Amino acid sequence: MNSMQIRRTGIAVAAALLLPFSLAACSDSSGDTKAAPAAAGDPASAGESTPADATATDQPFGPACAGVPKEGAGSFDGMAKDPVATAASNNPALSTLVAAVKRAGLVDTLNNAKDITVFAPTNDAFAKIPKADLDKVLADKATLTKILTYHVVGQKLTPEQLGNGSFETLQKGMVTTKGSGEAYKVNGTAGVVCGNVKTANANVYIIDTVLMPK
């Protein structure tokens with residue numbers, strides 16, 4: 001009996017000593033599992049929220065987006081396959097801009113550029129300019145080129161970057177942006193009416209006012 005009691009006592013003591021280590025190990029293991037997604041971006045847990053976040057920030061936004069064709073070359077999917085000047089030519093709301101780009105001889109320049117952002121004025125934006133003034137600009141290739149290249153930034157800008165930004169344009173002037181959510185202004189006057197439109201080589205933000213170099 002003494003031998004049995006001693007043996008049982010020894011087992012109980014050993015179990016008591018090992019139990020805290022076992023619990024600590026389980027706790028550490030559980031802690032690692034919980035911390036891993038935040039630190040390393042575990043696809044299993046991140047996969048539940050990341051696509052939703054990406055969808056929210058990666059899609060075109062703004063009231064004028066409703067006027068973009070649902071199918072064909074002028075749709076968002078169609079524009080994403082073409083370089084920016086070609087993509088713009090398939091969007092009816094940008095026909096005046098496309099005509100100006102052709103007059104300035106900038107089609108190849110824009111189509112061959114890599115990773116750019118274009119602030120693209122709508123036909124209504126050009127209509128705000130008195131016809132006599134617009135005709136004069138369209139007839140002056142040097143001035144027209146300055147104005148059009150002032151609408152182009154040499155990097156792809158995300159909506160987040162437009163929150164409070166200042167960017168150099170191909171014309172070498174600076175444009176400023178402010179806003180949040182789906183409301184952004186360029187140079188304090190031009191509103192983004194359809195933003196984050198993707199083309200093969202550019203991010204496009206369609207605006208309601210023509211920007212003028214300072």
Side-chain angles (χ1 to χ4, degrees), residues 57-58 60-62 64 79-80 82-91 93-214:
T57 60
D58 221 30
F61 61 85
M79 292 179 72
D82 291 322
V84 65
T86 301
S89 70
N90 293 318
N91 188 321
L94 301 177
S95 58
T96 305
L97 172 63
V98 170
V101 168
K102 289 179 178 177
R103 286 200 183 196
L106 293 173
V107 172
D108 289 341
T109 299
L110 294 178
N111 276 348
N112 293 326
K114 292 183 179 180
D115 297 333
I116 59 175
T117 292
V118 177
F119 294 104
T122 62
N123 296 342
D124 289 342
F126 280 100
K128 292 179 180 180
I129 302 172
K131 188 176 185 306
D133 293 340
L134 180 58
D135 289 344
K136 185 177 180 180
V137 169
L138 291 174
D140 184 342
K141 185 175 180 179
T143 300
L144 183 59
T145 298
K146 286 181 181 178
I147 292 173
L148 292 176
T149 54
Y150 183 66
H151 289 73
V152 183
V153 173
Q155 59 177 305
K156 283 187 176 181
L157 300 176
T158 65
E160 289 78 11
Q161 288 175 287
L162 300 187
N164 187 15
S166 181
F167 310 98
E168 185 177 72
T169 68
L170 297 192
Q171 182 265 342
K172 300 304 181 184
M174 302 295 292
V175 293
T176 59
T177 58
K178 287 185 181 297
S180 62
E182 296 187 358
Y184 295 92
K185 290 280 188 181
V186 185
N187 285 356
T189 56
V192 174
V193 294
C194 184
N196 206 30
V197 179
K198 305 296 178 62
T199 75
N201 66 327
N203 285 352
V204 177
Y205 293 87
I206 300 174
I207 54 178
D208 62 7
T209 304
V210 176
L211 306 175
M212 292 297 177
K214 297 177 181 180

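Quick caveat, the model's predicted, so the values are computed rather than measured. FYI, the numbering just counts along the sequence from 1.
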Please report the closest heavy-atom contact between [X] and [Y], naming both atoms and the distance.
X	Y	answer
M174	E168	SD-CA, 3.5 Å
A120	L97	CB-CD2, 3.5 Å
A202	V84	CB-CB, 3.9 Å
A87	T199	CB-CG2, 3.7 Å
D82	N90	OD2-ND2, 3.6 Å
L94	P121	CD2-O, 3.5 Å

To the closest 0.5 Å, what do you measure between [atom1] ([X]) and [atom2] ([Y])?
X	Y	atom1	atom2	result
L170	I116	CG	CD1	6.5 Å
T96	N123	OG1	CG	3.5 Å
K178	Y184	NZ	OH	13.0 Å
C194	N91	SG	CG	8.0 Å

- Message: What verdict does the side chain to side chain contact (heavy atoms under 4.5 Å, CB included) test give for L144 and L148, after you've listed the backbone C-alpha separation in whole Å, the side-chain angles of each residue and the deciding distance to 0.1 Å?
- Response: CA-CA 6 Å; L144 183 59; L148 292 176; 3.9 Å; yes
Are [X] and [Y] side-chain neighbours, meaning at least one heavy-atom pair lies under 4.5 Å?
X	Y	answer
V197	M79	yes
V118	Y205	no
I206	V192	no
K172	Y150	no
H151	I207	yes
D115	Q155	no

Tell me whether [X] contacts the main-chain N or O of [Y] through its side chain, where contact means a donor paired with an acceptor under 3.5 Å.
X	Y	value
K128	D208	yes
N112	D108	yes
N201	P83	no
N187	T189	no

- Message: Strictly below 4.0 Å, N to O, side chains only: are K131 and D135 in salt-bridge contact?
- Response: yes
- Where do L110 and V152 land on the side chain to side chain contact (heavy atoms under 4.5 Å, CB included) test, with the steps shown first? CA-CA 9 Å; L110 294 178; V152 183; 3.9 Å; yes
- Task: Give a yes or no on this: more than 12 heavy atoms of other residues, nucleotides or ligands lie within 6.0 Å of atom NZ of K156.
- Result: yes
- Task: Sort out for me which residue in I147, T149, V175 forms a side chain to side chain contact (heavy atoms under 4.5 Å, CB included) with P213.
- Result: I147
- For a side chain to side chain contact (heavy atoms under 4.5 Å, CB included) with L162, tell me which candidate from T117, V186, N196, T177 qualifies. T177
- Just checking, any donor-acceptor pair under 3.5 angstrom between side chains of N111 and T86? yes
- Step-by-step side chain to side chain contact (heavy atoms under 4.5 Å, CB included) determination, T169 to F119: CA-CA 10 Å; T169 68; F119 294 104; over 6 Å; no
